[in-house]
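Working notes, beginning with the structure itself.
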Amino acid sequence: MKPRPSLANVGSFIGKFCKHNQQKLVAGLITLSVSLGILGARENGAFQQQELWIYDSLMRSHLNEPPDRRIVIVEISEADIQKLRWPFSDRLFAKLINQIAIAKPAAIGIDKYLDLPVLEGREELVAAVKNAGNVVNAKFIAIEAGRSSVDPAPDLEPISRYGYVNLIIDKGAIARRASIVGDSGSFALEIANLYLQKLYNKPVKFNPNTIQFTAGNQVIPRLTSNYGAYRREDDSGYQMMIRFRGKSRFFEHIKATDVIDGKVAPEQLRDRVVLIGVTAESLKDSYPVPVTVDGDVMYGIEIHANIISQLISATLDNRPFIQVWSNDLESLWILVWIFLGGGIATFIPNAFKNMGLFVLLVSSLIGICYFAFAQSLWTPLFPALVGFLTANVIVTAYQLAVQQSERKVLMGLFSRHVSKELVDIIWTNREQFMQAGRITGQEVYVTVLFTDMRNFSTAAEAQAPGETLNWLNNYLATIANEVLAHGGMVDKYIGDAVMAVFGVPIPHSDDQERTKDAQSAVTAALAIAKKLEEMNEVWVSQGLPPVTTGIGINSGVVIAGSLGSDERLEYSVLGDTVNVAARLESFNKEVDGGPHHILISEETKRRLSDNFQTEFVCKYALKGKTKETEIYRVL
C-alpha cells in the first residue's frame, strides 16, 4: 500500500508553497480585499450616482431609432397660453376633444386634471368625452406626505378611462423609471392598452401566477429595491426603466390652437395615439431625463409618450426592455474584472506589457458594456472599472515595493562588485536565485582570480598613513576596474589582496560560456599587469618603490550564495576551486610566475585558445593539498 502523507508532510508542503509564492499570495489577498471593498461599497449604494450617470451616457449614445409615428402630441405651448389664456375653459377643452375625435384616433390621452369645472362649458366637455369614447384622463396618487391626491371627476369617470400620471424622480430630479401599475393602471398603460386592444386585440397582459406583466412575447422586467445600480430604492408598484426613443420634441408635435381652428387634416391623427399636454415653461411640467444634458428638460407629456411607445413597440415590434442581470451575476461580473486587474499586475511584471494589456482590457470592458446596452442589457460598468483599476494599481504598488526591497538587497550584494550591465542582468533574472531576501546556495562552474601585492610594507613605510590609504585605494580600484571591465565580479578585498570570480552570479551552464569566463579572467589578469606597469612608472617618479603583484587563477565548481546574518549578508563563493586559486597566487613567491606573475591551473589552461601563450612550470602539491596540481605561467 502507498503510505498516506502525514500532517507534518502536508504542513511542510504548504509552508514551502506559501514561502515560494509569497508575492502572488499577498497579491491575491490584496485583490480579494479590493473585491470585498468594491462589492460592499456597491451594496451600500456608494456607486449609485456614478453608475446612473454612466447609464444616462449610454442611453444618450444609443438614440438611433426612428420616431414612433403611432403617437402624436397636441401641445399646449406658451404661445397657445398667451393666445387662449390659461387655464383653458371646459368649453375650449370640449372643442379640442371634438376636433380630435372627428379624425378617429385610436386613443386620446389628456395629461391635465379635469376633476373640477373650469369656467363655462362643463356639459359640453362631458358630452365631448362621451362622444369620443376613447379618452384616458389623468389622476394623481398622493404618495409623499403633504401632497393631495387628484381623483377622477365624478361626471367623467363613468364615460372615460383614468390612469395616474405620477412620475418617479431619482436623486437630481431625473426621471429614469416608470410605474405602470400601482393600485390601478398608469396613464401610459391605460392608453397603450386602449390602442393595442382597439387596433390589434393584443393588450399588455397580467399573469397572476408569476405576478408579471407581458407585452407581446416579452415579460416586462420589474424593478426591485436592488436593481442594477439602484440600492434600497422604493420599488412599490410595478416599475420598469424607461427606454427613451429620443430627445425632447422627438415625437411629432401639433399646436393645440391649430387643432381647435381646424387646420389639422384628419389623416394626421387617424388611428394614432393623440396625447394632449402642456409644453409651456411657465407651467413647470418638465424634468431632466437621461437623454437631456446641460440644463435641458423633457416635458411630462413627452415622457408619457416614451413610456406608451415602449409598451406598444414591445408588444408589436418586439422592441426589448432595459434588462439587468441578477445581483449574484452582477457581483460575479465585477469580481472577474477585479481579479483580472490584480492578475495582470501579479503575473505580468513587465511594465510595458502590463500597461498594454491594461489599456486593452479597459477598452474591452467599456466596449462590452456599450455593446450590451445596445442589446438593452445594462451591465455594471463603473464598479467593474473602479475595481479593475484599484486592484491593478494597489497590486502594482505592492509589486514595486517588493521589487524595490529586492533590488535594495541585490544592489547591496552586487552593486560594488559587478559592472552596471551585469547588475541589470542580475535584476532581470532575480527570480532565478532570490528567495526569502537572500540568494540561495547553488553549485556553479566559475573561474576564480586572486591577486596580492608583494611589497606592500616597503611601499607603506615610504608614505604617511593618509597617503598610504589613498595609494592603496588607487591600487585596488585599478584591479577592480579591470575585473569589472572584463565581466568579472569582485568578491572581496582582503587587505591588499583581491578575490574576483568570473561566471557568477548568473550561472553559466554552457561549456562555451565557461571557456569564455576562463579566457576573460586571464585577459583581465594581463590587463591588470599592464596597468600596474604604467602605474609603477608614476609611483617611481614620485619616489615610491615599484609594486609587484602575484596573480593565481583556477577554474572549477564552487558553491555560490549569500553568507552571513540577515542584518549583514555577503555574496561569495566557497570550495576547493577557490583554495587552489589562492594557493597559486601565493606560489608566485616560490617559482617564477613569468613576466606578469600569473600562475594558472591545468583546468584553466585547458580552456585557453592559441591566442594565449603559456608555459608549463611544474606539478606540485600546493599547500594543504595531497594531490599534485599542474601549474602554468602566462607569458
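Owing to the predicted nature of the structure, the values given are computational and were not obtained by experimental measurement.
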Using a 4.5 Å cut-off on heavy atoms from C-beta on, say whether the side chain of [Y] contacts that of [X].
X: Val538; Y: Met535; result: no
X: Val483; Y: Phe502; result: yes
X: Ile368; Y: Trp333; result: yes
X: Val578; Y: Met499; result: yes
X: Leu365; Y: Val362; result: no
X: Leu584; Y: Ile553; result: no
X: Ile394; Y: Tyr398; result: no
X: Tyr445; Y: Thr577; result: no

Q.
As a quick check of understanding, evaluate side chain to side chain contact (heavy atoms under 4.5 Å, CB included) for Gln399 and Thr346, giving each step before the final call.
A. CA-CA 7 Å; Gln399 298 278 50; Thr346 303; 4.3 Å; yes

Quick one: does any side-chain atom of [X] pair with a main-chain N or O of [Y] as donor and acceptor, under 3.5 Å?
X: Ser61; Y: Leu58; answer: yes
X: Arg633; Y: Asp592; answer: yes
X: Asn327; Y: Tyr227; answer: no

**Q.** side chain to side chain contact (heavy atoms under 4.5 Å, CB included) between Ile559 and Glu443, worked out
**A.** CA-CA 5 Å; Ile559 300 295; Glu443 280 194 353; 3.3 Å; yes

Between the side chains of [Y] and [X], is the shortest nitrogen-to-carboxylate-oxygen separation below 4.0 Å, so that they form an ion pair?
X: Lys605; Y: Glu630; result: no
X: Arg607; Y: Asp517; result: no
X: Glu603; Y: Arg606; result: yes

[X] atom [atom1], neighbour heavy-atom count above 12 within 6.0 Å:
X: Gln512; atom1: CD; result: no
X: Gln613; atom1: CD; result: no
X: Phe371; atom1: CZ; result: no
X: Trp53; atom1: CH2; result: no

Ignoring hydrogens, what is the shortest heavy-atom contact between [X] and [Y]? Give both atom names and the distance.
X: Met453; Y: Asp496; result: CB-OD2, 3.4 Å
X: His508; Y: Gly503; result: ND1-CA, 4.0 Å
X: Gly342; Y: Ala391; result: N-CB, 3.7 Å
X: Phe450; Y: Ala582; result: CD1-N, 3.5 Å
X: Glu585; Y: Gly550; result: CG-O, 3.3 Å
X: Ile598; Y: Asn588; result: N-OD1, 4.1 Å

Just how far is it from atom [atom1] of [X] to atom [atom2] of [Y], taken to the nearest 0.5 Å?
X: Asn611; Y: Thr523; atom1: CG; atom2: OG1; value: 9.0 Å
X: Lys530; Y: His596; atom1: NZ; atom2: NE2; value: 10.0 Å
X: Leu340; Y: Leu335; atom1: CG; atom2: CG; value: 11.0 Å
X: Leu449; Y: Ile600; atom1: CG; atom2: CD1; value: 11.0 Å
X: Thr604; Y: Phe612; atom1: OG1; atom2: CZ; value: 11.5 Å
X: Leu39; Y: Asn44; atom1: CG; atom2: CG; value: 11.0 Å

Return the orientation label for the [X] and [Y] ring planes: parallel under 30°, perpendicular over 60°, tilted otherwise.
X: Trp337; Y: Phe388; answer: perpendicular
X: Trp378; Y: Tyr55; answer: tilted
X: Phe373; Y: His62; answer: tilted

Q. Can you list the steps and then say if Ser609 with Gln519 is a side chain to side chain contact (heavy atoms under 4.5 Å, CB included)?
A. CA-CA 8 Å; Ser609 66; Gln519 294 180 4; 3.9 Å; yes

Q: Quick one: do Leu381 and Tyr370 satisfy side chain to side chain contact (heavy atoms under 4.5 Å, CB included)? Show the steps, please.
A: CA-CA 9 Å; Leu381 171 56; Tyr370 182 89; over 6 Å; no

